There are 2 protein chains.
Amino acid sequence: MTTTRAPRRDAAENRDALLAAARVELNLDADASLEAIATRAGLSRRSVYGHFATRDELLRELLTSGATRVSHAMAGVDHPDPTIRLALIASRLWFEVDDIRVMAVFAVRGPLKTHTAAALQPLRDRVLAAVVDGVALGELRTDIPAGRLARLVEDSALSALAASSRDNIAAPEAHRLAMLLVLSTVGLSATEAAAVIDGTPELAWPAR
Amino acid sequence: MTTTRAPRRDAAENRDALLAAARVELNLDADASLEAIATRAGLSRRSVYGHFATRDELLRELLTSGATRVSHAMAGVDHPDPTIRLALIASRLWFEVDDIRVMAVFAVRGPLKTHTAAALQPLRDRVLAAVVDGVALGELRTDIPAGRLARLVEDSALSALAASSRDNIAAPEAHRLAMLLVLSTVGLSATEAAAVIDGTPELAWPAR
DNA sequence: ACTATCTTGCACAGCACTGTGCAAGATAGT
DNA sequence: ACTATCTTGCACAGTGCTGTGCAAGATAGT
């Protein structure tokens with residue numbers, strides 16, 4: 001068999017640095033050049049090709065790594081109340097802002113659309129399930145079909161993320177904003193949403 | 001004085017066709033080439049330069065024309081109730097989907113950011129004013145500062161537009177969706193939002 | 001200290017696009 | 001029918017990016 005020998009330690013670090021740099025740079029500009037990414041990672045453009053065959057491959061890797069990160073963050077989200085579950089998803093998601101935003105961009109534009117959509121699917125399924133449950137229990141609005149509503153929940157979460165970065169809102173406030181918006185989208189009034197959040201310890205900003 | 005003589009009729013038509021084509025094509029792909037736009041307009045790429053000095057100038061013109069179109073659509077939005085005023089804005093806006101979406105894209109990316117933002121300003125002022133009034137009257141949520149909330153209203157309207165085109169929802173339903181989402185964002189519960197919409201004739205889908 | 005591994009700079013090919021010049025042809029308006 | 005106006009095709013320069021080859025230099029690991 002043709003075993004690929006383990007990479008050198010610094011090489012592995014640089015590889016990670018490239019991915020991290022890409023995450024940052026693509027959040028600033030979705031069309032960032034490899035030059036820009038490499039520079040941010042402290043490497044030369046030429047070296048990128050030592051780690052990734054093509055720009056596309058870098059992106060792919062970034063997206064799938066983001067996806068696993070997110071799905072890892074989703075582990076253990078299983079509150080019996082679907083409304084709270086949604087808020088919980090929003091909460092967890094908030095901590096993966098960077099990944100989420102990159103994925104959101106590439107889920108819409110460019111040739112990686114389908115790839116990204118696929119990576120995002122499990123998350124979407126979770127949201128959809130929560131929405132369906134919530135509607136069935138009469139907790140959520142019924143004037144918008146569940147499937148559509150689930151996508152809108154996504155959008156509202158993204159709006160919150162966008163708002164946080166453009167107004168650079170302090171973390172705890174941004175975190176709450178994400179939950180508030182999701183709950184509003186799903187049909188709760190502002191006061192109801194606040195009640196849900198404040199009445200559920202798991203939704204509080206984690207003490208440090 | 002150096003009067004520029006009137007353009008020939010067909011030339012004027014082609015110019016308009018180019019703008020229309022750009023509107024469509026840029027909605028499909030924000031990076032559409034002049035080639036693509038020209039082709040859609042039934043012209044050759046070379047001819048574009050007979051009407052617009054540069055790609056940038058085409059975009060500028062498209063954006064400002066969109067802006068005037070939108071502000072024209074806003075004329076006469078002055079209901080005493082701020083909540084209804086917001087819904088009304090959403091309603092009117094809905095009919096300018098194409099312009100709105102292009103503007104939304106270029107308000108965020110590329111060198112036309114500031115130009116677009118400026119063109120969008122009057123609309124933003126209107127929204128902000130309505131939000132401020134609504135908060136003052138105790139109709140709208142107070143847990144999000146008015147300025148931020150106004151931007152989030154924008155975002156929710158855009159989400160509705162995006163949803164309409166990705167699920168291609170029938171016009172009257174999409175129209176209602178836009179209003180519903182805006183009202184939800186602003187703190188109303190689903191049932192309250194429905195009540196507002198159904199209780200206000202101006203917000204009904206215009207009979208044809 | 002030795003070597004396989006990794007990084008770098010440079011040069012180059014290729015691609016997709018914008019913007020221009022020019023001459024030939026089509027068309028509107030009179 | 002005549003002419004100013006407009007469109008087109010082609011050729012070409014310029015730009016900014018991706019991807020590759022190669023040789024020299026740096027570095028990790030032993």
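A note on names: the letters A, B, ... follow the listed sequences, proteins ahead of strands, and every chain is numbered from 1. Computed from a prediction, not measured in an experiment: that's the story for all the values here.
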Rounded to the nearest angstrom, tell me the gap between atom CD in B:E35 and atom C1' in C:dA16. 11 Å

Take the protein atom CG of A:D31 and the nucleotide atom C1' of C:dA16, then report the distance between them rounded to whole Å. 14 Å

Would you please indicate if the ring centroids of A:H175 and A:F95 are separated by under 6.0 Å? yes

May I ask you to check whether B:S47 and B:S44 show a side-chain donor-acceptor distance below 3.5 Å? yes

Residue pairs fulfilling salt bridge (Lys or Arg N to Asp or Glu O under 4.0 Å) with at least one residue in residues 115-131 of chain A, sequence neighbours excluded: A:R124-A:E154

Pairs in or reaching into residues 157-183 of chain A: which pass salt bridge (Lys or Arg N to Asp or Glu O under 4.0 Å), with residues at least two apart or in two chains? A:R166-B:D155, A:D167-B:R148, A:E173-B:R148, A:R176-A:D198

Only counting residues at least two apart or in another chain, list the ones meeting side-chain hydrogen bond (donor to acceptor under 3.5 Å, both in side chains) with A:R45. none

Sub-4.0 Å heavy-atom contacts from residues 37-59 of chain A onto DNA chain C, ordered by number: A:G42, A:L43, A:S44, A:R46, A:S47, A:H51

Please give me every residue in residues 14-22 of chain A whose heavy atoms get under 4.0 Å of an atom in DNA chain C, ordered by residue number. A:N14

Verdict with supporting geometry, A:R109 and B:D31, salt bridge (charged side-chain N to carboxylate O under 4.0 Å, His left out): CA-CA 10 Å; A:R109 76 208 290 276; B:D31 299 313; 3.2 Å; yes

Under the salt bridge (charged side-chain N to carboxylate O under 4.0 Å, His left out) test, residues paired with A:R15 that sit two or more places apart: A:E61

Partners meeting salt bridge (charged side-chain N to carboxylate O under 4.0 Å, His left out) with A:R46 (sequence neighbours left out): none

Taking the basic N atoms (NZ, or NE/NH1/NH2) and the acidic carboxylate oxygens, is any pair closer than 4.0 Å for B:R85 and B:D78? no

Charged N to carboxylate O under 4.0 angstrom, B:R23 versus B:D98? no

Partner residues of [X] under the side chain to side chain contact (heavy atoms under 4.5 Å, CB included) criterion, sequence neighbours left out:
{"X": "A:S33", "answer": "A:E35, A:A36"}
{"X": "B:R92", "answer": "B:M74, B:V77"}
{"X": "B:A150", "answer": "B:V127, B:L128, B:V131"}

For DNA chain C, stems built from three or more consecutive Watson-Crick or G-U wobble pairs below 3.5 Å: C:1-30 with D:1-30

What protein N or O atoms touch nucleotides 28-30 of chain C N or O atoms at under 3.5 angstrom, if any, and at what distances?
| residue | atom | partner | partner atom | Å |
| --- | --- | --- | --- | --- |
| C:dA28 | O4' | B:R8 | NE | 3.2 |
| C:dG29 | OP1 | B:R9 | NH1 | 3.3 |
| C:dG29 | OP2 | B:R9 | NH1 | 2.6 |

